[in-house]
> 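Please find one structure pasted underneath; my questions will follow.
Proteins come first, then strands; the chains are lettered A, B, ... in the order of their sequence lines, and each starts at number 1.
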Amino acid sequence: MDFLMPLIIGLVVGLIVLFSLLSQLKSVSQKHEASDYVVQNSLHLNVRNDRLIDKHTERQMVRQAMPQGGSAGSVPMQNASHPQSSHSPGMHSQGHQQGGGLTIVDAPKNKH
Amino acid sequence: MADLIQFKCPSCGGKLEFDSASQKMKCPFCLSEYDASEMQQEDAVLDQKDEQKEERYDTGDSTWGQGETDGLRIYKCQSCGGEVVGDETMAASKCPYCDNPVIMTGQFSGDLKPDLVIPFKLDKEAAKKSLLQHMEGKPLLPKIFKSENHIDEIKGIYVPVWLYDAQADASYRFQAKKIRRWSDQQYAYTETSVFSVDREGSIHFENVPVDGSEKMDNTLMESLEPFNIKDAVPFQTAYLSGYLADRYDVDEQTCAARANERIKQSTRQEFTRTVQGYDTVTIEHEQIHLNEGKARYALYPVWLLNTSWNGEKYVFAMNGQTGKFVGNLPSDKRKAWAIFFAVTAAVTVIAYFIMGMMQ
Ligand SMILES: [Zn+2]
Ligand SMILES: [Zn+2]
């Protein structure tokens with residue numbers, strides 16, 4: 001079994017504990033904001049406008065067989081104005097994607 | 001020689017001091033107490049001197065004459081006749097010979113007269129107690145620090161601060177994203193909706209304080225915030241009796257930059273907070289215009305504790321109104337490494353077994 005992952009977890013927790021204990025010793029620091037001095041309910045907005053300017057969907061093939069890693073096939077579906085699509089491999093709960101070489105037929109945008 | 005005020009006890013002639021516990025003027029000899037408001041007539045001289053601007057800070061060197069040598073000012077104690085020597089900013093102190101409180105009226109006359117003062121609420125004993133509490137419950141503080149660190153000096157000092165009001169008119173354009181994820185048998189989908197979000201409006205700030213004393217460390221002063229302005233009273237020299245005080249030596253214009261920086265940062269935060277329901281929000285465009293009012297000049301109460309340990313100096317400070325206590329402490333390096341390794345090792349082993357079981 002891999003020992004690296006537990007060690008990384010251990011180091012991270014060790015550092016968090018170390019820094020939180022060290023931060024107890026430091027109480028002098030600059031104030032960067034003035035939030036204590038905002039007059040209550042003094043924030044007034046005369047413009048409040050939220051416009052949808054782009055919506056795009058991308059999809060990644062979900063694994064069917066055994067994992068054995070490999071780069072994920074992430075293909076943006078049709079994109080209106082934003083050609084870049086954010087890749088976030090491995091974030092999905094269904095786990096690993098199958099290795100490359102996938103071609104995915106584009107679906108029309110704004111579906112789902 | 002410059003003028004001093006001393007507050008005489010009407011009963012016994014002793015010198016009255018401002019007592020933080022009773023919020024009254026108290027005679028340490030016969031224990032009589034008087035309202036500070038009864039001492040107002042003493043301050044009449046501050047306004048009379050309005051014409052004699054030569055004593056103002058910004059005209060400086062000219063007419064101080066005999067009283068001034070090398071940035072020092074010499075006063076004569078009315079009780080014992082001893083010489084009280086102060087620097088250019090010293091505004092209240094005690095006579096080194098008879099220990100009676102003295103107040104330098106010249107430091108408060110005319111334009112130098114503060115608008116407000118927050119009187120001390122907490123005494124020296126509270127400051128000492130807080131220092132002990134400050135060292136409590138901190139595993140990385142060297143054990144011997146607590147026993148060996150000794151207090152060289154404790155002083156209650158009224159620190160000059162500038163208070164700024166401002167209305168910030170701001171306009172923002174944000175880019176905000178909503179991200180939705182789902183999946184079916186074959187695919188995992190990520191849908192990103194991008195929004196352009198505009199906000200325009202205004203927000204008010206009141207009494208943003210900036211340390212107006214060169215001597216006092218700005219960062220230390222900011223660490224003691226917030227002070228509660230609701231307890232501030234119109235300035236009267238009586239409140240200074242028995243304490244130290246300095247007059248400002250960094251002017252209103254110079255200090256304004258610091259206040260504005262903080263006001264802008266808070267404006268940014270408050271406007272960003274109105275952009276809700278998104279997963280990410282980034283500022284694309286920002287414009288802030290500050291309409292500043294006139295700054296007020298105030299004195300804030302601070303207990304300063306100078307201590308030393310191992311040949312090094314450690315400064316602590318307590319908010320004389322709220323009791324907030326600050327001051328950086330040294331760390332035990334060896335203990336820090338020991339804790340780090342122990343925690344890392346323990347967590348690694350536990351993680352190893354848990355992950356082993358899950359496989
Ligand atoms: Zn008396
Ligand atoms: Zn004296």
> Can you tell which of A:Ser27, A:Gly14, A:Ser29 has the highest number of heavy-atom pairs within less than 4.5 Å of chain B?
A:Ser27
> Under a 4.5 Å heavy-atom cutoff, which of A:Asp50, A:Leu18, A:Asp36 has the most pairs with chain B?
A:Asp50
> Ring pair (Phe, Tyr, Trp, His ring centres under 6.0 Å) with B:Tyr314: which residues, sequence neighbours excluded?
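Ring pair (Phe, Tyr, Trp, His ring centres under 6.0 Å) check on B:Tyr314 returns B:Phe145.
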> Does B:Arg199 reach the main-chain N or O of B:Thr274 with its side chain, forming a donor-acceptor pair under 3.5 Å?
yes
> At under 4.5 Å between heavy atoms, what parts of residues 334-345 of chain B are in contact with chain A? List them by residue number.
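The residues closer than 4.5 Å to chain A, in numerical order, are B:Ala336, B:Ile339, B:Phe340, B:Val343, B:Thr344.
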> Aromatic ring centroids of B:Tyr352 and A:Phe3 under 6.0 Å?
yes
> Sort out for me which of B:Thr267, B:Ile229, B:Asp198, B:Val275 touches chain A most, counting heavy-atom pairs under 4.5 Å.
B:Asp198
> Is there a donor-acceptor pair under 3.5 Å between the side chain of B:Asp279 and the backbone N or O of B:Ile179?
yes
> Can B:Glu286 and B:Lys264 be said to form a salt bridge (Lys or Arg N to Asp or Glu O under 4.0 Å), step by step?
CA-CA 10 Å; B:Glu286 172 187 67; B:Lys264 282 183 180 169; over 6 Å; no
> Checking heavy atoms, do the side chain of A:Val17, its backbone, both or neither come under 4.5 Å from chain B?
side chain
> Hydrogens and angles aside, do B:Gln265 and B:Arg262 bring a side-chain donor and acceptor to less than 3.5 Å of each other?
no
> Under the ring pair (Phe, Tyr, Trp, His ring centres under 6.0 Å) test, which residues partner B:Trp162, sequence neighbours left out?
B:Tyr248, B:Tyr297
> Using distance alone, with no hydrogens and no angle criterion, decide if B:Asn319 and B:Tyr300 have a side-chain donor and acceptor under 3.5 Å apart.
no
> Relative to chain B, which segment of A:Leu15 carries a heavy atom at a distance below 4.5 Å: side chain, backbone, both, or neither?
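The answer is both parts of A:Leu15.
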> Answer yes when B:Arg180 and B:Glu191 have at least one side-chain N-carboxylate O distance shorter than 4.0 Å, and no when they do not.
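The answer is yes: the pair qualifies as a salt bridge.
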> Could you name the residues of residues 130-141 of chain B that have a heavy atom within less than 4.5 Å of a heavy atom in chain A?
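Result: B:His134, B:Gly137, B:Lys138, B:Pro139, B:Leu140, B:Leu141.
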